[in-house]
There are 2 protein chains.
Amino acid sequence: MSNERIEEYLETILYITKKNHGPARTSQIAEELKLSAPSVTEMVQKLSESEYIEYTPYYGVTLTEKGCTEALRIKRRHQLLETFLVDVLGADPVIAHKEACEMEHSISESTIEKMCAFMGHPDICPDGNPIGQGECCPTGPPGASYRDYVPLSELKEGEQGTIKVISLTSEIKDRLSSIGLIPDQDVRVKRKLGKGTLSITTMGTEVAVGNDIARKIMVQSRGV
Amino acid sequence: MSNERIEEYLETILYITKKNHGPARTSQIAEELKLSAPSVTEMVQKLSESEYIEYTPYYGVTLTEKGCTEALRIKRRHQLLETFLVDVLGADPVIAHKEACEMEHSISESTIEKMCAFMGHPDICPDGNPIGQGECCPTGPPGASYRDYVPLSELKEGEQGTIKVISLTSEIKDRLSSIGLIPDQDVRVKRKLGKGTLSITTMGTEVAVGNDIARKIMVQSRGV
DNA sequence: CTATATATTTAGGCAACCCTAAATTAATGC
DNA sequence: GCATTAATTTAGGGTTGCCTAAATATATAG
Ligand SMILES: [Fe+2]
Ligand SMILES: [Fe+2]
Ligand SMILES: [Fe+2]
Ligand SMILES: [Fe+2]
């Protein structure tokens, strides 16, 4: 089997078994990969001769320890590529997902880690799912999870927080950096103006930010 | 034929016809793609039924107008990906070439243009070959080329320039933004200290930058 | 517990791409 | 110009990964 096909099956089986909390049925794999059921049965039979999956006829497919490790590696490649395409290049999320799902088979482990470092070891994919840590990632305490972050636009007057993630095109992000709005920067909402516009203070200076942008800046709140 | 295979043949035929200043022999294509000669003959016969190539038995293959346009598009995708992997992520040039040659079939035109813009529309690939202009590139007077950029560490005392590309992790870039070191910012080298450390002025303030970082900040010099 | 409906596998086949060995064409040296 | 050599194509075959139709196993409903 080609490496690309193996990877695509493993990725799909991981996704379905997690959703099922149980084995992946061949029909589910077929639907996900848009293939006929017999094609999946055939591939799954071959794959079970490798050490990646466990297959019981008329029952379903589960990943072995080895298969799970491999599937997680592929998923990570996919998510980091998708994050790069969407958050750094500003590509359309739907196109980015499809492209990431193809490029994930071409990019090496060493290159994906460089890309991870380049993006500051992100821990959340624009599709909303968490990204697992890799060899390159700081292994220390994983800090506050993305779940705890809140859009800047949600802060109340007087509330303070630390900018954590900015999901905007790099052009806009560059403009924001130039006025001090960058990750790990502390900000305070001074006043909320009309139409969702915020007046915030950062590094002593005061700037106004529109609602569109404020909704894309995730902060970790520290209260008033 | 699969799109990927077509693209790989077109890319190769473009390369060889340019080198030959004449048609590409099947044996040359076979050598370049590491295939047997009969396999290439077969594919080339099929391809000539499309409108991409002109094939004369026992003579060779040339690209049609349409095929040439398509081949140039693929080459551009390849070069921009390779430039990104090497110049931005710092990947090994040999690995980067191989990965770019696979990813080029997955990335869309719209995404590659975003990547081109992200890198400031580079016109030279790390492999040394020029990169053709795309839709996204400024068609006017082609400004300073990437070639003309020089590491900040190379500027002499008193020399001024504009920051163009910063090839560092986003963590370090974030720190740099907070002190005003961002693309399109003007800087001046005030004094060179020991060990390659620079004292530079930017936006009126004065900061010191170590040699490691200064070597990764490309600037367009404007002299003293 | 059976009859029917659904899910899954088996059987048989096909297209894309690649291969080696043999035949053919073109080039080269007297 | 003809024999030898080299390049190229044709013939015949193999693998992979997919398909549809038929057979079989499992689930569901009276
Ligand atoms: Fe994928
Ligand atoms: Fe990382
Ligand atoms: Fe390629
Ligand atoms: Fe461009």
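Quick note: numbers below take in every heavy atom, side chains included, and nothing from hydrogens, waters or symmetry partners. Every chain is numbered from 1 and lettered A, B, ... according to where its sequence line falls, protein lines coming before strand lines.
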A.B. asks: B:His78 and side chain to side chain donor-acceptor pair (under 3.5 Å): which partner among B:Glu7, B:Arg73, B:Glu11?
C.D. replies: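 It is B:Glu11; the other options fail the test.
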
A.B. asks: How far does CG of A:Leu14 sit from OG1 of A:Thr62, to the nearest 0.5 angstrom?
C.D. replies: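 Answer for the CG-OG1 pair, A:Leu14 versus A:Thr62, is 12.0 Å.
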
A.B. asks: Are any of the side-chain nitrogens in A:Lys75 or A:Glu104 under 4.0 Å away from the carboxylate oxygens of its partner?
C.D. replies: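 Result for this pair is no, no salt bridge flagged.
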
A.B. asks: Protein within reach of the bases, or only the backbone? For nucleotides 7-19 of chain D, mark each nucleotide 5' to 3' as B, S or -, using heavy atoms under 4.0 Å.
C.D. replies: -BBB------SBB

A.B. asks: Any side-chain hydrogen bond (donor to acceptor under 3.5 Å, both in side chains) involving residues 24-46 of chain A? Give me the pairs, sequence neighbours left out, ordered by first then second residue.
C.D. replies: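 Sorted result for residues 24-46 of chain A: A:Asn20-A:Gln28, A:Ser36-A:Ser39.
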
A.B. asks: Polar atoms only, N or O, under 3.5 Å: list the protein pairs with nucleotides 3-5 of chain C and their distances.
C.D. replies:
none

A.B. asks: Do A:Glu8 and A:His105 have side-chain N/O donor and acceptor atoms under 3.5 Å apart?
C.D. replies: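 Yes, A:His105 and A:Glu8 have a side-chain donor paired with an acceptor closer than 3.5 Å.
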
A.B. asks: Mind telling me whether A:Phe84 and B:Phe84 have parallel, tilted or perpendicular rings, with 30° and 60° as the class edges?
C.D. replies: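 It falls in the tilted class, 30° to 60°.
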
A.B. asks: To the nearest 0.5 Å, what is the distance between OG1 (A:Thr111) and CD (B:Glu99)?
C.D. replies: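 Going from the OG1 atom of A:Thr111 to the CD atom of B:Glu99 covers 3.5 Å.
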
